[in-house]
Amino acid sequence: MTSQTSQTTQTITAAGTWKLGDRTVHRIGFGAMRLPQNGEALVSGAVPRDRDRAVEVLRRAVDLGVNHIDTAAFYFSPLRSANELINRALAPYPEDLVIATKVGPGRDPSGEWLPHARPEQLRGQVEENLRQLGRDHLDVVNLRIVGTDSIAERFGALADLRQAGLVRHLGLSNVQPHHLDEALAIAPVVCVQNMYGIGVQPEQDAFLRTCGERGIAFVPFYSIAGTGRQAGAVGDDSAGVLEVARAHGASAAQVRLAWTLQRAPHVLAIPGTGDPEHLAANVAAGALRLTTADLAVLDSLHRADGSS
């Protein structure tokens, strides 16, 4: 092992690990949403990212020790698909690599959103992910929903696919606590993915704790971007975040990631980027240790409102 490889391994292990079912992952992962395009994700007419650049980022992520990648078949731009980029860059896949995908939403070939999938359509979405990724099973499939309606039929359909061996583990995305209760009555749940970060949906704090009590990973999305969502960070970090960043010689993004990870050991991070330097900085955030005073400042910002 080279000195550089040893240092990067030490960096990513500094944040610890968690289990997604029977799979152990480092708590710093990689989100593939931003990979297929430059600029805003999930919009029609997006500008495709250079293929070689995207492949470079994925391979660099694995070199840095990332073994948890979050993706979806609806992550695509003209000419680029996150799943197929992952396949091209990483197949044959490392044994320890866990690829989590999402089903429920869908987009037509032009990039316009389709109605969310009905229970009988979920198998087709699972099979499309299998085809694009070149897998015979999916490590983790998250049911992503919008709204508060019952998920029993849809989650039950995924539980059937798990029984059939197409899916190893199940999770939930964009859900409320009653959805988790409903799902657990049907099949095990290994993770919950919800929007969360400093000042972003502080009402999620209780749900985060509930997941920890049940041994379920809590996986925030947009923990850096916040209200910028799929467009990326809006660049309006508060004075408190910037002050903590300066004290550590870190970026505001790294502080946001470090704060997220220090919420609890069952919290995972899946920051996404198409830039190798940003990728390395995100991984390095796993080794950033915020002080009690830092956390007091950031926690107060988190509780104050949703605009920090």
Side-chain angles (χ1 to χ4, degrees), residues 28-61 64 66 69-90 99-102 104-114 129 132-133 144 146 173-174 193-201 219-238 241-242 245 251-257 260 269-285 306-308:
I28 289 275
F30 179 81
M33 183 189 71
R34 305 198 61 78
L35 204 57
Q37 70 290 305
N38 294 303
E40 187 170 357
L42 307 180
V43 294
S44 59
V47 177
R49 189 178 299 279
D50 178 79
R51 182 185 296 276
D52 290 342
R53 179 82 160 181
V55 166
E56 175 192 357
V57 168
L58 284 163
R59 289 176 177 166
R60 180 61 177 151
L64 289 171
V66 170
I69 295 178
D70 177 79
T71 185
F74 55 84
Y75 288 172
F76 66 85
S77 67
L79 307 179
R80 301 287 180 268
S81 156
N83 282 351
E84 290 172 340
L85 288 167
I86 291 168
N87 189 345
R88 179 186 179 98
L90 302 179
I99 300 177
T101 190
K102 289 172 287 298
R107 299 165 68 201
D108 68 22
S110 72
E112 295 296 330
W113 288 102
L114 299 168
N129 278 280
Q132 292 178 1
L133 290 165
R144 182 170 175 81
V146 173
S173 179
N174 202 42
Q193 288 189 350
N194 277 5
M195 184 174 173
Y196 183 75
I198 298 175
V200 178
Q201 295 193 343
V219 189
F221 55 84
Y222 300 147
S223 57
I224 295 177
T227 55
R229 302 172 68 88
Q230 65 262 30
V234 294
D236 61 350
D237 286 288
S238 70
V241 172
L242 295 175
S251 68
Q254 288 177 312
V255 168
R256 287 180 173 275
L257 284 174
T260 300
I270 48 170
T273 182
D275 184 308
E277 291 186 5
H278 289 168
L279 168 68
N282 289 342
V283 170
S307 61
S308 169

Can you name the closest pair of heavy atoms from [X] and [Y] and give their distance?
X    : Y    : answer
P78  : P48  : O-CG, 2.7 Å
T273 : H278 : OG1-CB, 3.3 Å
I86  : A32  : CD1-CB, 4.2 Å
P276 : G274 : CD-O, 3.9 Å
P220 : Y196 : CB-O, 3.6 Å
A73  : N129 : N-OD1, 3.3 Å

Item checked: T71: partners by side-chain hydrogen bond (donor to acceptor under 3.5 Å, both in side chains), with sequence neighbours left out ->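 In terms of side-chain hydrogen bond (donor to acceptor under 3.5 Å, both in side chains), with neighbours along the sequence ignored, T71 is linked to N83.
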Checklist line | side-chain hydrogen bond (donor to acceptor under 3.5 Å, both in side chains) against T260, all qualifying residues, sequence neighbours excluded | finding: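 Result, side-chain hydrogen bond (donor to acceptor under 3.5 Å, both in side chains) vs T260: none returned.
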Is a donor on one side and an acceptor on the other found under 3.5 Å between the side chain of [X] and the backbone of [Y]?
X   : Y    : answer
R34 : G39  : yes
N87 : Q132 : yes
S77 : V47  : no

Measure the spacing between [atom1] of [X] and [atom2] of [Y] and express it to the nearest 0.5 Å.
X    : Y    : atom1 : atom2 : value
L85  : L35  : CG    : CG    : 5.5 Å
I28  : L64  : CD1   : CG    : 11.0 Å
F76  : E84  : CZ    : CD    : 10.5 Å
R256 : I224 : CZ    : CD1   : 9.0 Å
N194 : S223 : CG    : OG    : 12.5 Å
R144 : F221 : CZ    : CZ    : 4.5 Å

Do [X] and [Y] come close enough that some side-chain heavy atom pair is under 4.5 Å?
X    : Y   : result
R59  : L90 : yes
L42  : Q37 : no
N282 : F30 : no

Item checked: Pairs involving residues 41-53, ordered by first then second residue, that meet side chain to side chain donor-acceptor pair (under 3.5 Å) (sequence neighbours left out) ->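 Qualifying pairs: N38-R49, S44-E112.
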Next item on the list: Go through the steps for K102 and D70 under the test side-chain contact (heavy atoms from CB on, under 4.5 Å), then give the verdict.
Entry: CA-CA 8 Å; K102 289 172 287 298; D70 177 79; 2.7 Å; yes
